[in-house]
Amino acid sequence: MTHSANATKTITKAVPTVDADGKVVKWDVTVEYALNDYVSTFGKTVEVEASKAPADFSKAELWALVDEAHLDAVYDSQYESVKLAPAPTETKVDDFKVEDLA
């Protein structure tokens, strides 16, 4: 099962490194995955060809740079290894009659 498909995925930080012309040569991107009570944060540094300014990038381009499919696989593996067991279902029996006991 791919838990990453159900996780909330957010780019929480993207820090560009630019050349003298103001064009991006490297991105430091932080991505957060969250599902139920399990949250994992990934940092990725990616070098790019200096072709445009930071504001000319889209979120979709940043996702492509960090290789979302790879992060999905890592998150799925982590989730499976530390997945928290669901809390047992408990029901209080308020109408239990102690006088009915032998």
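The structure presented is a predicted model; accordingly, all values stated were derived computationally and were not measured.
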> Apart from Val25 itself, what residues make up its hydrophobic cluster when side-chain heavy atoms of I, L, V, M, F, W and Y under 4.5 Å apart count as a link, directly or indirectly?
Replying inline: none
>> With a 3.5 Å distance limit and no angle check, can you tell me whether Asp76 reaches the backbone of His3 through a side-chain donor-acceptor pair?
In response: yes
> Can you get from Leu65 to Ile11 by hopping between Ile, Leu, Val, Met, Phe, Trp and Tyr side chains that sit under 4.5 Å apart?
Replying inline: yes
> For Gly22 and Pro54, which heavy atoms make the closest approach, and how far apart are they?
Replying inline: O-CD, 3.6 Å
>> Show the nearest heavy-atom pair for residues Leu35 and Asn6, with the distance to one decimal.
In response: CD1-O, 3.5 Å
> Are Val74 and Val39 connected, step by step, through hydrophobic side chains (Ile, Leu, Val, Met, Phe, Trp, Tyr) whose heavy atoms are closer than 4.5 Å?
Replying inline: no
> If every non-hydrogen atom of Val31 is compared with every non-hydrogen atom of Trp63, which pair is closest and at what distance?
Replying inline: CG1-CH2, 3.3 Å
> Can you pull the salt bridge (charged side-chain N to carboxylate O under 4.0 Å, His left out) pairs that have at least one residue in residues 90-102, sequence neighbours excluded?
Replying inline: none
> If you look only at pairs with a residue in residues 13-23, which of them pass as a salt bridge (charged side-chain N to carboxylate O under 4.0 Å, His left out), with sequence neighbours excluded?
Replying inline: none
>> Applying side chain to side chain contact (heavy atoms under 4.5 Å, CB included), can you list everything that pairs with Asp56, at least two apart in sequence or on another chain?
In response: Lys52, Ala53
> Asp67: what forms a side-chain hydrogen bond (donor to acceptor under 3.5 Å, both in side chains) with it, not counting sequence neighbours?
Replying inline: none
> Where do Ala34 and Tyr75 come nearest, in terms of heavy atoms and distance?
Replying inline: C-OH, 3.8 Å
> Listed by chain and number, what are the salt bridge (charged side-chain N to carboxylate O under 4.0 Å, His left out) partners of Glu32, not counting sequence neighbours?
Replying inline: none
> Of the non-hydrogen atoms in Asp72 and Ser4, which two are nearest, and what is the gap between them?
Replying inline: CB-OG, 3.3 Å
> Would you find a donor on one side and an acceptor on the other, under 3.5 Å apart, between the side chain of Ser81 and the backbone of Gln78?
Replying inline: yes
> Stepwise, does the side chain to side chain contact (heavy atoms under 4.5 Å, CB included) test hold for Val46 with Val29?
Replying inline: CA-CA 8 Å; Val46 182; Val29 183; 5.7 Å; no
> Taking only residues two or more places apart in sequence, or in another chain, which ones meet Glu68 in a salt bridge (charged side-chain N to carboxylate O under 4.0 Å, His left out)?
Replying inline: Lys9
>> Filter on ring-ring contact (aromatic ring centres under 6.0 Å, His included), then keep only pairs touching residues 41-62, sequence neighbours left out; what's left?
In response: Trp27-Phe57, Tyr33-Phe42
> How would you list, by chain and number, every residue that makes a side chain to side chain contact (heavy atoms under 4.5 Å, CB included) with Ser58, sequence neighbours excluded?
Replying inline: Ala60, Glu61
> Mind checking what makes side-chain hydrogen bond (donor to acceptor under 3.5 Å, both in side chains) contact with Thr45, not counting sequence neighbours?
Replying inline: Asp28
>> Can you give me the closest heavy-atom contact between Leu62 and Ala14, atom names plus distance?
In response: CD1-CB, 3.9 Å
> How long is the span from the CD atom in Glu80 to the OG1 atom in Thr2, to the nearest 0.5 Å?
Replying inline: 10.5 Å
